[in-house]
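The structure appears below as structure tokens.
Nothing here was measured: the structure is a model prediction, and the numbers come from that model.
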Amino acid sequence: EWKELLGEKKPALDPLASVIPADQHAIFFRTFADLLAIFDEAALQGTPLLRLAETRSESAQSKEKYRDQLCLPVTELSRLLGPKLIASVAMTGGDPFLRTGTDLAILYEAKQTDVLVAALALRRLQTSQKRPDAKGVAGTVVGIDYVGLVSPDHTIKSYSAVIGQNIVVVTNSLAQLRRLAAAQSGNKPSLASLDEYVF
């Protein structure tokens with residue numbers, strides 16, 4: 001009985017929880033620096049976050065696969081600029097099967113939305129120069145404009161969109177983008193609406 005356990009408490013919620021569907025898993029990072037610290041630790045310790053979902057994730061190089069697929073390399077420049085552009089980060093997806101392939105979304109609470117969008121566009125441009133088979137795409141999903149880069153074999157599959165005022169999403173799935181948009185608009189329950197999450 002989560003309501004009973006909560007009582008009158010009203011804790012501060014993760015800012016990105018209202019965009020994540022209630023039936024998805026999520027990992028929240030309060031700052032961009034926290035995200036980098038976990039990734040650095042994962043490099044040293046064999047990707048513990050991925051092992052939470054599947055014991056063999058580290059041997060499949062899941063972290064590298066999704067980093068490349070989403071066009072999100074961690075560089076020295078991103079380490080310097082990230083904290084200036086990003087307040088908090090969340091990772092979410094529809095299922096935990098990271099090793100074999102799943103829909104994944106990275107959500108950024110942007111401090112400077114336009115600059116972050118431009119930085120992500122530059123990442124896609126850099127990837128397209130290395131992968132000429134990857135083509136730019138653009139469209140609209142439930143009223144939300146997206147841009148992206150997709151290769152025929154889907155080793156590159158990155159869609160980016162702005163949801164609401166300052167939430168920037170990078171995902172490998174348009175279906176995932178639809179679900180995020182439904183949660184943000186209130187057409188689908190979000191994590192923030194769950195008493196269990198609030199507790």
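In this view, A110 and T113, L116, V168 satisfy the side-chain contact (heavy atoms from CB on, under 4.5 Å) rule, not counting sequence neighbours. With sequence neighbours excluded, the residues satisfying side-chain contact (heavy atoms from CB on, under 4.5 Å) with S88 are P15, L16, E109. By the side-chain contact (heavy atoms from CB on, under 4.5 Å) test, H154 pairs with V150, K157, sequence neighbours left out. For V141, the side-chain contact (heavy atoms from CB on, under 4.5 Å) test picks out Y146, L174, L177, R178, with sequence neighbours left out. Under the rule for a side chain to side chain donor-acceptor pair (under 3.5 Å), the partners of Q176 that lie at least two apart in sequence or sit in another chain are Q24, D103. Remark: F32 engages no residue in a ring pair (Phe, Tyr, Trp, His ring centres under 6.0 Å) (not counting sequence neighbours). Residues passing the side chain to side chain donor-acceptor pair (under 3.5 Å) test with T102, sequence neighbours excluded: D95. Residues satisfying the salt bridge (charged side-chain N to carboxylate O under 4.0 Å, His left out) criterion with K111, sequence neighbours excluded, are absent altogether. In terms of the side chain to side chain donor-acceptor pair (under 3.5 Å) criterion, residue partners of D145 (sequence neighbours excluded) are, by chain and number, T140. For Y108, there are no ring pair (Phe, Tyr, Trp, His ring centres under 6.0 Å) partners two or more places apart in sequence or in a different chain.
Y159 and L125 fall into different hydrophobic clusters, where Ile, Leu, Val, Met, Phe, Trp and Tyr residues are linked whenever their side-chain heavy atoms come under 4.5 Å apart, directly or through other members. A single hydrophobic cluster is seen to contain both I20 and F199, as judged by linkage of ILVMFWY side chains at heavy-atom distances under 4.5 Å, directly or through other members. V117 and I167 end up in different hydrophobic clusters when Ile, Leu, Val, Met, Phe, Trp and Tyr side chains are linked at under 4.5 Å. The hydrophobic cluster containing I163 also contains F28, counting ILVMFWY residues as joined when their side-chain heavy atoms lie under 4.5 angstrom apart, directly or transitively. In the hydrophobic cluster analysis, where Ile, Leu, Val, Met, Phe, Trp and Tyr join through side-chain heavy atoms closer than 4.5 angstrom, L13 is grouped together with L180.
Under the side chain to side chain donor-acceptor pair (under 3.5 Å) criterion, the residue pairs touching residues 189-199 are K3-D195, D14-Y197, with sequence neighbours excluded.
The closest donor-acceptor contact from the side chain of N172 to the backbone of L104 lies under 3.5 Å. Between the side chain of K135 and the main chain of P132, a donor-acceptor pair closer than 3.5 Å is present.
Other residues, nucleotides and ligands contribute only 12 or fewer heavy atoms inside 6.0 Å of the CZ atom of R30. Within 6.0 Å of CD in Q129 there are more than 12 heavy atoms belonging to other residues, nucleotides or ligands.
Among all heavy-atom pairs drawn from H25 and T92, the shortest one is O-OG1, 2.6 Å. Nearest heavy-atom pair across L191 and A26 is CD1-CB, 3.8 Å. The two residues L72 and L120 have their closest heavy-atom pair at CD2-CD2, 3.6 Å. L5 approaches K9 most closely through the heavy-atom pair O-NZ, 4.1 Å. Across all non-hydrogen atoms, the minimal contact from L149 to V137 is N-CG2, 4.1 Å. Listed here is the closest heavy atom pair of V170 and L70: CG1-O, 3.8 Å.
Through direct or indirect side-chain contacts shorter than 4.5 Å among Ile, Leu, Val, Met, Phe, Trp and Tyr, V147 is connected to no other residue.
Counting heavy atoms from C-beta outward, V169 and I106 have side chains that stay 4.5 Å or more apart. Contact check for R123 versus P73: side-chain heavy atoms found under the 4.5 Å cut-off. Taking the side chain as every heavy atom from C-beta outward, V89 and L107 never approach each other to under 4.5 Å.
Atoms CZ and OG, on R124 and S158 in that order, are 6.0 Å from each other to the nearest 0.5 Å. Of the inter-residue distances, the one linking C71 atom SG with Q126 atom CD reads 9.5 Å to the nearest 0.5 angstrom. For the atom pair CD1 of I27 and CD1 of I38, the computed distance is 8.5 Å after rounding to the nearest 0.5 Å. The CZ atom of F29 sits 8.0 Å away from atom CG of D34, with the distance rounded to the nearest 0.5 Å. A distance of 10.5 Å separates CD1 of I86 from OG1 of T31, quoted to the nearest 0.5 Å.
Classification of R131 and D153 as a salt-bridged pair holds, one side-chain N sitting under 4.0 Å from a carboxylate O.
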